[in-house]
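Being a predicted model, the structure only gives us computed values, none of them experimental. The first residue in the sequence is number 1, and the count goes up from there.
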Amino acid sequence: MVGAPECGDVMKLQVKVNPESGVIEDAKFKTFGCGSAIASSSLATEWLRGKTVDEALQIKNTDIVNELSLPPVEDSLLECWRKTPSRLRFGLQNQGRCE
């Protein structure tokens with residue numbers, strides 16, 4: 001689970017990776033935050049399925065912004081969706097280390 005609970009932005013990501021192929025077989029999320037945080041988390045988990053871990057690590061903030069057509073907002077409000085790719089990288093790089 002990653003995020004900033006003090007501002008209400010928390011994401012739990014579960015990823016099932018095939019140990020033989022390295023392909024992500026399933027991805028699930030639970031996000032507490034604004035609509036953009038939830039939408040970006042949902043989209044990211046859909047994109048993860050069927051990709052290798054290396055491919056999934058290439059997902060960028062701009063990919064999510066462009067796909068969801070998120071409107072321009074003040075920098076302080078961008079944090080809810082901006083963190084999704086970094087959260088994915090953290091989870092994928094630390095897979096199997098958390099219980």
Side-chain angles (χ1 to χ4, degrees):
M1 186 172 290
V2 294
E6 62 276 1
C7 70
D9 182 24
V10 180
M11 176 188 186
K12 179 179 181 179
L13 174 68
Q14 294 177 306
V15 179
K16 180 180 178 182
V17 179
N18 182 309
E20 294 175 10
S21 65
V23 172
I24 298 169
E25 295 179 343
D26 197 16
K28 298 178 182 183
F29 79 96
K30 183 177 277 187
T31 297
F32 298 97
C34 68
S36 295
I38 295 167
S40 62
S41 299
S42 177
L43 177 64
T45 56
E46 289 196 21
W47 282 357
L48 289 174
R49 292 182 194 105
K51 292 189 182 317
T52 65
V53 171
D54 289 337
E55 291 170 336
L57 291 171
Q58 300 305 310
I59 295 173
K60 298 176 186 165
N61 300 334
T62 53
D63 299 332
I64 291 173
V65 172
N66 292 335
E67 183 67 23
L68 294 176
S69 301
L70 293 172
V73 293
E74 295 178 26
D75 284 340
S76 62
L77 298 175
L78 295 178
E79 293 306 310
C80 59
W81 57 263
R82 181 184 291 177
K83 293 179 183 175
T84 299
S86 61
R87 291 172 182 164
L88 293 174
R89 281 189 287 282
F90 175 82
L92 291 170
Q93 290 169 344
N94 291 287
Q95 62 179 322
R97 295 183 193 158
C98 301
E99 297 180 16

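With sequence neighbours excluded, no residue forms a side-chain hydrogen bond (donor to acceptor under 3.5 Å, both in side chains) with Asp63.
The shortest heavy-atom contact between Ser42 and Phe29 is CA-CE2, 3.3 Å. Nearest heavy-atom pair, Thr52 versus Ile24, reported as atom, atom and distance to 0.1 Å: O-CD1, 4.3 Å.
Within the structure, salt bridge (charged side-chain N to carboxylate O under 4.0 Å, His left out) contacts touching residues 32-55 (residues at least two apart or in different chains) are Asp26-Arg49.
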Which pairs of donor and acceptor atoms, one on a side chain in residues 16-23, lie under 3.5 Å apart (sequence neighbours left out)?
residue, atom, partner, partner atom, Å
Asn18, OD1, Glu20, N, 2.7
Asn18, OD1, Ser21, N, 3.1
Asn18, ND2, Glu25, OE2, 2.8
Ser21, OG, Val23, N, 3.3

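Note: Leu48 CG to Leu57 CG = 9.0 Å, rounded to the nearest 0.5 Å. Ser40 OG to Ile59 CD1: the interatomic distance, rounded to the nearest 0.5 Å, is 11.0 Å.
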